[in-house]
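Below: the structure, in structure tokens.
We count residues from 1, following the sequence as given.
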Amino acid sequence: CSRTPIGSTPAPVRELEVSADLAWERWADAVSPAQADLGGRFGDVLVPSIGVRVSPRAWLELLAGWRFVRAPFDSFGGPTNLLVNDTHHVSLGASLDLGALIPDLGFGALLRGSFRLAILDEHRETKDWRRFETDAQLAINPGNPGYAFGGFVPSFQLSVEAQL
């Protein structure tokens, strides 16, 4: 990157990157932490994602992305209360090359920030009475008779990298 003093108008960098990915997550082959076979309780899922990076100036990069992750199972409905949702992940980010933006800084530095929002599609869990040995065990299960869950999970990141 060329250094341009503050106050001058640097020439725009007309750079645009678009990337796409389709991952295959092999949940059907999953084993438990105790290495026990889970008997095909999970299904394989395809995970599509797309990202965009644009550099309107030599010292600035803007990023955006989206990813969709389908849950590897619908509902266990048993005593585990295992929660799972289909999720959309939306992210935005920016990177500033402070060394190129402020020539008098004397060293290279990058300031990066990002925001990600995980959107959890609502999922409804219903307890399957056939998975409990007794009616009493079903009745005392914290998830009985059923529940719905979903929502939003925001996250932020800020970092500084200095090149001395």
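Every residue meeting the side chain to side chain donor-acceptor pair (under 3.5 Å) condition with Thr87, not counting sequence neighbours, appears here in chain and number order: His89. Applying the side chain to side chain contact (heavy atoms under 4.5 Å, CB included) rule to Val153 yields the partners Ala118, Leu120; only residues at least two apart in sequence or on another chain are considered. Contacts of Phe156 classified as ring-ring contact (aromatic ring centres under 6.0 Å, His included), with partners at least two apart in sequence or in another chain: Phe115.
Salt bridge status for Arg112 with Glu61: absent, with no side-chain N to carboxylate O gap under 4.0 Å. Ion pairing between a basic and an acidic side chain is recognised when a charged N comes within 4.0 Å of a carboxylate O; Arg70 and Asp86 show such pairing.
Pro48 is not listed as a side-chain neighbour of Asp21, based on a closest heavy-atom distance of 4.5 Å or more. The shortest side-chain heavy-atom distance between Phe107 and Leu105 falls under the 4.5 Å cut-off. Proximity of Ser91 to Trp66: side-chain heavy atoms (C-beta onward) are nowhere separated by under 4.5 Å. Contact check for Phe68 versus Val47: no side-chain heavy atoms found under the 4.5 Å cut-off. Between Arg116 and Leu92 there is no side-chain heavy-atom pair separated by less than 4.5 Å.
The distance from the CG atom of Leu63 to the OG atom of Ser95 is 7.5 Å, given to the nearest 0.5 Å. Rounding to the nearest 0.5 angstrom, the gap separating the CD1 atom in Ile50 from the CG atom in Leu22 is 12.0 Å.
Leu110 and Trp59 fall into different hydrophobic clusters, where Ile, Leu, Val, Met, Phe, Trp and Tyr are joined by side-chain heavy atoms under 4.5 Å apart, directly or via other members. Trp24 and Val69 fall into different hydrophobic clusters, defined by Ile, Leu, Val, Met, Phe, Trp and Tyr side-chain heavy atoms under 4.5 Å apart, directly or through other members.
A donor and an acceptor atom, one from each side chain of Arg57 and Ser55, are nowhere located under 3.5 Å apart.
In this structure, Asp44 contributes its side chain and Ala28 its backbone to a donor-acceptor pair below 3.5 Å.
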Exercise. Go through Leu111 and Leu158 one step at a time and tell me if the side-chain contact (heavy atoms from CB on, under 4.5 Å) criterion holds.
Key: CA-CA 8 Å; Leu111 175 65; Leu158 184 63; 3.9 Å; yes

Practice problem: Test Asp121 against His88 for side-chain contact (heavy atoms from CB on, under 4.5 Å), laying out the working first. | Solution: CA-CA 8 Å; Asp121 291 346; His88 298 268; 3.6 Å; yes

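When every heavy atom of Pro103 is checked against every heavy atom of Ala100, the shortest pair comes out as CD-O, 4.4 Å. Considering all non-hydrogen atoms of both residues, Pro72 and Trp27 come closest at CB-CG, 3.4 Å. Across all their heavy atoms, Leu62 and Ala94 have their closest contact at CD2-CB, 4.0 Å.
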